[in-house]
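Below is one structure, written out as structure tokens, with a few remarks after it.
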There are 2 protein chains.
Amino acid sequence: MSFTYKYARPAVTVDCAVFAIDFEKENLKVLLIRRGEEPFLNHWALPGGFVHTDESLIEAAHRELQEETGLTSIYLEQLYTYGNVDRDPRERVISVAWFALVNLEGRLLEARTDAVDAAWFSLDELPSLAFDHGRILSEATERLRGKLKYKPVGFELLPELFTLSQLQRLYEIILDTSFDKRNFRKKLQKLDVLIETDEIQKDVSHRAARLYRFDRDKYRDLESRGFYFEL
Amino acid sequence: MSFTYKYARPAVTVDCAVFAIDFEKENLKVLLIRRGEEPFLNHWALPGGFVHTDESLIEAAHRELQEETGLTSIYLEQLYTYGNVDRDPRERVISVAWFALVNLEGRLLEARTDAVDAAWFSLDELPSLAFDHGRILSEATERLRGKLKYKPVGFELLPELFTLSQLQRLYEIILDTSFDKRNFRKKLQKLDVLIETDEIQKDVSHRAARLYRFDRDKYRDLESRGFYFEL
DNA sequence: ACAAAAGTGTTAAATGTACACCCATGC
DNA sequence: GCATGGGTGTACATTTAACACTTTTGT
């Protein structure tokens with residue numbers, strides 16, 4: 001090949017901060033894997049790995065998540081690319097970090113851990129992480145909090161059908177505040193991106209709540225006309 | 001070395017979308033360079049180049065800007081990392097894109113173009129760009145517009161001392177709207193991040209306006225207490 | 001004296017915030 | 001029948017939006 005690269009090439013990896021809401025414990029969780037190799041053997045780390053030559057960055061992120069955690073078709077958004085010279089003790093490694101949102105309903109157990117040791121951690125009970133993953137995770141968390149306020153990403157953490165109280169609790173958990181129930185509902189009503197379904201909650205020992213669905217198409221439409229989601 | 005990389009490595013570059021406001025023409029400009037090599041010989045492109053092994057990504061971005069355009073110590077913020085397999089016809093190249101803001105006052109002429117052919121283009125008179133730089137630039141523009149609303153980045157496009165009308169015109173140019181002068185001033189007054197200096201505009205053929213300075217320290221302080229800039 | 005931009009307050013409308021009770025269901 | 005969360009409206013405070021004239025300076 002006539003084209004030559006003048007400098008030694010860095011390695012390129014993807015790493016993912018996968019978030020989910022634990023409604024029982026009322027907290028935000030992140031998925032970590034325990035490393036089976038040096039460096040940082042047995043340390044916890046973000047799932048991720050090297051980018052192959054024949055796949056795009058997002059494909060690499062999806063593949064690594066599938067391989068290491070069994071998760072497929074989840075919401076992924078690029079976070080930041082970390083490229084400090086010394087972030088990997090072996091050699092120069094540039095990591096394209098992603099944040100991912102999943103809804104845990106029924107997925108917690110099924111999240112296949114293959115050979116890999118994977119577990120969900122509360123953000124306030126984090127172990128120390130390999131490489132600069134602690135920093136990546138804290139920036140991912142900050143981004144999630146920021147984004148939640150002005151983009152409808154919260155729905156990615158909920159099942160397809162959800163109650164308004166679940167949605168409210170989600171916001172309260174992530175933003176660590178509390179909202180007035182009536183005002184919260186009024187606001188959502190005015191945003192006009194929820195579809196009220198005919199269905200109601202099942203198996204609860206109190207009055208069953210109505211289930212809603214997020215109207216992605218309508219949201220995209222409104223967004224393209226300059227509408228600004230904000231909660 | 002015992003560590004081996006299993007796959008062919010992609011090349012890694014940085015590319016920068018450098019913006020400035022042209023107050024005379026009342027528009028937003030971007031700095032492009034004309035390529036002196038294949039592929040895309042003679043096409044216009046974003047300034048950028050390969051990341052060296054001994055420099056971080058932001059260092060690479062600063063170095064390339066210095067080398068290709070003479071610009072130093074300017075505001076740089078990471079935009080996105082582009083890694084589609086076919087974005088460079090030669091081989092796999094991953095580009096970490098940045099957006100940069102400079103104030104043109106006195107810099108327009110002095111922007112040293114070295115051996116490279118560099119020029120400022122209006123965003124509505126863009127040539128077709130090399131690689132996927134057209135896409136990168138349009139995403140950078142979108143990001144700048146979005147960011148302007150809730151972060152005080154506009155000041156990076158102004159000289160140290162500026163008038164309130166300049167600031168307002170800047171917002172109007174980038175966001176393509178117009179604001180009421182009194183309301184705009186009231187809002188800024190309440191944000192309370194501008195320092196009113198003793199100086200006034202020079203060499204204008206009408207009443208000279210008072211000059212202001214952006215108080216970065218105060219802003220950082222307010223921000224850390226949960227204050228939310230918004231315009 | 002006139003052209004050109006600087007500077008300055010008030011009012012009405014819209015939005016956000018605080019607040020308390022009845023309802024439906026399962027046990 | 002009681003415990004648990006579901007669901008609903010109003011009044012007040014705050015914020016935003018619309019609007020026009022006087023001042024200063026250079027030519």
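Just so we're on the same page: letters track the sequence lines, and every chain starts at 1.
B/Thr163 comes within contact range of no nucleotide atom at all, as no heavy-atom separation falls under 4.0 Å. Nucleic acid contact for B/Arg185: base, since at least one base atom lies under 4.0 Å from a heavy atom of the residue. Among the heavy atoms of the strands lying under 4.0 Å from A/Lys190 are primed sugar atoms or P, OP1, OP2 only; no base atom is included. Among the protein residues, A/Lys186 comes within range of the nucleic acid bases, having at least one heavy atom under 4.0 Å from a base atom.
DNA chain D is contacted by B/Asp180, B/Arg182 of residues 172-182 of chain B, taking any non-hydrogen atom closer than 4.0 Å.
The existence of a salt bridge linking A/Glu139 and A/Arg135 is confirmed by a sub-4.0 Å separation between a basic side-chain nitrogen and an acidic carboxylate oxygen. A salt bridge links A/Glu67 to A/Arg63: one of the charged nitrogens lies within less than 4.0 Å of a carboxylate oxygen. Using a 4.0 Å cut-off between charged side-chain N and carboxylate O, A/Arg216 and A/Glu156 make a salt bridge. A salt bridge links A/Lys151 with A/Glu223: the closest approach of a Lys/Arg side-chain nitrogen to an acidic carboxylate oxygen falls below 4.0 angstrom. Salt bridge present: B/Lys147 and B/Glu77 bring a charged side-chain N and a carboxylate O closer than 4.0 Å.
In this structure, B/Lys187 atom NZ and D/dT16 atom C1' are separated by 7 Å, rounded to whole Å. D/dG5 atom P lies 15 Å from atom CG of A/Asp203, rounded to whole Å. Between the CG atom of A/Leu167 and the P atom of D/dG7 there is a distance of 13 Å, given to the nearest Å. One can place CG of B/Leu188 at 15 Å from C1' of D/dT16, the figure rounded to the nearest angstrom. D/dA18 atom P lies 16 Å from atom CZ of B/Phe184, rounded to whole Å. Residue A/Glu230 contributes atom CD, which lies 15 Å from atom P of D/dT15 at whole-angstrom precision. At whole-Å resolution of the value, CZ in B/Arg210 and P in D/dT24 are 13 Å apart.
Judged by closest nucleotide on DNA chain C, A/Asn183 is the one of A/Asn183 and A/Ala208 placed further toward the 5' end.
At a cut-off of 3.5 Å, with distance as the only test, no side-chain donor of A/Ser56 or B/Asn84 sits close to an acceptor on the other residue.
Residue pairs meeting the salt bridge (Lys or Arg N to Asp or Glu O under 4.0 Å) criterion with at least one partner in residues 173-194 of chain B, sequence neighbours excluded, are B/Asp192-B/Lys218.
With a cutoff of under 4.0 Å to any heavy atom of chain A, the contacted region of DNA chain C is bounded 5' to 3' by C/dG16 to C/dG26.
When the shell of 6.0 Å around CD of A/Glu230 is examined, it contains more than 12 heavy atoms from other residues, nucleotides or ligands. Atom CD of B/Gln189 has 12 or fewer neighbouring heavy atoms from other residues, nucleotides or ligands inside a 6.0 Å radius.
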